[in-house]
Protein chains: 2
Amino acid sequence: MPEPTLTLGQTLAKVPIFSGLTESELSFLAQRAVTRNYSAGQSVFGEGEPCSGLYVVESGHVRIFKSSANGREQVLSIDGPGSSIAELPVFDGGSYPASVTAIDDATLLFVSKQDFQALCLAHPQVALKVLRVVGARLRRLVGIIEELSFTTVRHRLASFLLRHAQKEGKRSASGVEITLPTSNQELASHIGTVRELVSRNLSRLQAEGMLKIDGRTVTIFNLKALEAETDSPD
Amino acid sequence: MPEPTLTLGQTLAKVPIFSGLTESELSFLAQRAVTRNYSAGQSVFGEGEPCSGLYVVESGHVRIFKSSANGREQVLSIDGPGSSIAELPVFDGGSYPASVTAIDDATLLFVSKQDFQALCLAHPQVALKVLRVVGARLRRLVGIIEELSFTTVRHRLASFLLRHAQKEGKRSASGVEITLPTSNQELASHIGTVRELVSRNLSRLQAEGMLKIDGRTVTIFNLKALEAETDSPD
DNA sequence: CCATGCCGATGACTTTTGTCACGGAGGGCA
DNA sequence: TGCCCTCCGTGACAAAAGTCATCGGCATGG
């Protein structure tokens, strides 16, 4: 019979909030963590469900979002390997504040509330690490609020494109090439609007000569010009 | 010469994140905390400033908000005695994500980053408490995002009124009486819009017979009817 | 090969939001 | 009393957001 504990421990060591733990501490955790597999699109948990513990993404990606009564969705975060999710509701005793689904086939590790709290008490550094990643999460949420409250769909679309250009953009002959999310609907729920407005605003940016759309590939001709869109209110 | 350490310690003991500490631990903290006084309207710190430590509200109230290039503001939270603010940027090393000003004359305690981190390492329970209050903060932010992304100004106004009716509303002859913030401008920045829309929507709700406005006092005739406004998109 | 379904684009329209400008009420304060 | 100053309420617009319906492409699967 194979011993999975060690490989699990190695995986855990790569997770920011668990980095710096000794090998024995990692295996303590590994013995308690449960591996769960999800297929693309499958729900991990829904908003409002009682919180039983936290998850760590081992492989694949998850989508954290809120959904509204009339079918709209607002994506709060997309997280990949190494990210922990639902670290917070673990502590305040409430339910999950948002829903999470797997985007692609994904493997998550589940750590129960009790085990995690015990770990934090035994190893204060873990709690500090959690606070660090939670800080980043809070910044992102405040950023979303800022964009929703102050800017137009056009601005938010431009910001979105620029963010992705910086992260995964490839320089090509005429500019920077990026790949859009799977559908306009999905893009819309990232920037807090509806399909049609994404479509229209993309067309408009293209018509204005700032970029070229080819299927799911967008080539941005002039980063500066697009940045100017995100600057001032008009 | 009076010894202020003990009274400071008593104040600290009332702060949720420090509850449960022993007296000696409290005085350890009290020796390091700095009392700072602010007059109404004075800035505590501005968004983007490097984060040097966290604050605890001893008396008075503070306003945490983001401001935009064109002069609009979005309030993220109002906090009173016992609340801690900027707990998070202390840990992730970044700058303050939002600005804070005193609403009324206020006294805050300042605890430096270093002292607080040391405290968390020495007393893991403190870190867990911090995580708990931060959890609540995160929930509030997600709630703001939800409202901004999914609902109209009218909905948000109705929600705002209902929230305040539940908290500080007094039953009167014809319904529930609440007192609005100092100005419509302020109310607007709470619900993410501008002065004029607050004014118009309030008038409209009054015209529809759901409430009566008398200066800064609003009497809600029918809570159910107002709740219906916050329910479905239309 | 065709039927079906999903997705994108787009026109037409409504609603909501935001901006600008103005007038007026009320509160200090000289 | 008369003069600021701030804030509120409104009308008139302009711009943005959202809704509805339609058309066409493209892939999938019988």
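So that the names make sense, note that chain A is the first sequence line, chain B the second, and so on, each numbered from 1.
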When you get a sec, tell me which of [options] is the closest nucleotide to the side chain of [X]?
X	options	answer
A/Asn184	D/dC8, D/dT10, C/dG8	C/dG8
B/Leu197	D/dG9, C/dT17, C/dT10	C/dT17
A/Ser183	C/dG8, C/dG18, C/dT19	C/dG8

Rounded to whole Å, how long is the line connecting atom [atom1] of [X] with atom [atom2] of [N]?
X	N	atom1	atom2	result
A/Leu157	C/dG8	CG	P	14 Å
A/Leu202	C/dG8	CG	C1'	11 Å
B/Glu196	D/dC8	CD	P	11 Å
B/Glu147	C/dT17	CD	P	13 Å
B/Leu148	C/dT16	CG	P	17 Å
B/Asp214	D/dC8	CG	P	14 Å
B/Gln185	D/dC5	CD	P	19 Å
A/Glu229	D/dA16	CD	P	10 Å

Legend entry - Among B/Val130, B/Val134, B/Leu54, the one residue meeting side-chain contact (heavy atoms from CB on, under 4.5 Å) with B/Leu88: B/Val134
Inset, instruction - Run the salt-bridge test on A/Arg154 and A/Glu208 with the 4.0 Å N-O cut-off and return the result as yes or no. - result: yes
Legend entry - Side-chain ion pair, A/Arg163 and A/Glu147, N-O less than 4.0 Å: yes
Any side-chain N or O of [X] below 4.0 angstrom from OP1/OP2 of [N]?
X	N	answer
B/Thr193	C/dG18	yes
A/Thr152	D/dA15	no
A/Arg72	D/dG18	yes

Inset, instruction - Using a 4.0 Å heavy-atom cut-off across all strands, classify A/Arg216 as base, sugar-phosphate, or nothing. - result: sugar-phosphate
Inset, instruction - Would you classify A/Arg204 as touching base, sugar-phosphate or nothing, given that sugar-phosphate means primed atoms plus P, OP1 and OP2, and contacts are heavy atoms under 4.0 Å? - result: nothing
Inset, instruction - Answer with yes or no whether B/Arg195 presents, from its side chain, a donor or acceptor under 3.5 Å of a partner atom in the base of D/dG9. - result: yes
Inset, instruction - Kindly say whether, by distance alone, the side chain of A/Arg200 makes a donor-acceptor pair under 3.5 Å with the base of C/dG11? - result: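 By the distance-only test, yes, there is a pair.
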Inset, instruction - Decide yes or no for A/Phe45 and A/Pro50: does some side-chain heavy atom of the first lie under 4.5 Å from some side-chain heavy atom of the second? - result: no
Legend entry - Under 3.5 Å donor-acceptor, B/His190 side chain and B/Gln74 backbone: no
